[in-house]
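Below, all heavy atoms of this structure are taken into account, side chains as well, without hydrogens, waters or symmetry copies. Here is how names work: the chains are called A, B, and so on, in the same order as the sequence lines, proteins then strands, and each is numbered from 1.
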Amino acid sequence: GQQLNQSPQSMFIQEGEDVSMNCTSSSIFNTWLWYKQDPGEGPVLLIALYKAGELTSNGRLTAQFGITRKDSFLNISASIPSDVGIYFCAGQFTAGNKLTFGGGTRVLVKP
Amino acid sequence: GAVVSQHPSRVICKSGTSVKIECRSLDFQATTMFWYRQFPKKSLMLMATSNEGSKATYEQGVEKDKFLINHASLTLSTLTVTSAHPEDSSFYICSARGMAGYEQYFGPGTRLTVT
């Protein structure tokens, strides 16, 4: 079945740094979604991408839908402490299909 | 907009009892609702998909007689964990999708502990 490989699995950030994470797939998707999950909460939708090559921003977040439709990345610029959490990518082949989730990227603050 | 609520947020029950979790879309009509289970430090595992007014479609390995799903209206779906056992303890999250069919919004989750 479809699989999404998300990397890195975890990362440490220092306030002010830019961070990046990505997802790659063995098959194409026509929609990519990025979510953030805080401990004990449900995932919150950050950005939705609908078109290959699309670059979309939401505040300090920027995500791109890869031109091959098999990958997507998420950038966080000038990170702040509240950016800590788990970020999930999700792909959908067509509207109405279920989502396929990546394994998540755990963002932690550098001690 | 696009708010999904879940109730209860936490529940503790005794082994052998049943527990019902409600999922509501508050400001949109959810033609499809999904139920996920999440283990600690893991990604979301889809349990079942339900469309309003029809039977749920369960993922492979999910017991439909144990995890009863009802999607009686466009704003409400329920998950009932029947005859719960300690291994059913987990974080259960619902999500809802509107008629456009692309974006999926998640509830805040329900922490189930079976003693």
Chain B contacts, top residue of Val44(A), Asp38(A), Leu99(A) (heavy-atom pairs, under 4.5 Å): Leu99(A)

Gln9(A) atom CD: more than 12 heavy-atom contacts under 6.0 Å: no

Chain A contacts, top residue of Gln38(B), Met45(B), Gln6(B) (heavy-atom pairs, under 4.5 Å): Gln38(B)

Exceeds 12 heavy-atom contacts within 6.0 angstrom, atom CG of Leu108(A): yes

Heavy-atom pair of closest approach, residues Pro43(A) and Leu44(B): CG-CD2, 3.9 Å

Flag if over 12 foreign heavy atoms under 6.0 Å of NE2, His85(B): yes

Non-hydrogen side-chain atoms of Gln92(A) and Arg97(B) separated by less than 4.5 Å: yes

Proximal component of Gln37(A), with respect to chain B [non-hydrogen, under 4.5 Å]: side chain

Shared hydrophobic cluster, Ile93(B) / Val81(B) (ILVMFWY, side-chain heavy atoms < 4.5 Å): no

Greater than 12 external heavy atoms within 6.0 Å of Arg10(B)'s CZ: no

Trace of the side chain to side chain contact (heavy atoms under 4.5 Å, CB included) decision for Glu41(A) with Phe106(B): CA-CA 9 Å; Glu41(A) 299 289 331; Phe106(B) 285 83; over 6 Å; no

Residue Lys110(A) excluded, over 12 heavy atoms near NZ under 6.0 Å: yes

Sub-4.5 Å side-chain heavy-atom contact between Ile86(A) and Ser43(B): no

Lys66(B) atom NZ: more than 12 heavy-atom contacts under 6.0 Å: yes

Side chain / backbone / both / neither for Lys41(B) at chain A, heavy atoms under 4.5 Å: both

pair Lys98(A)-Glu59(B): side-chain heavy atoms closer than 4.5 Å: yes

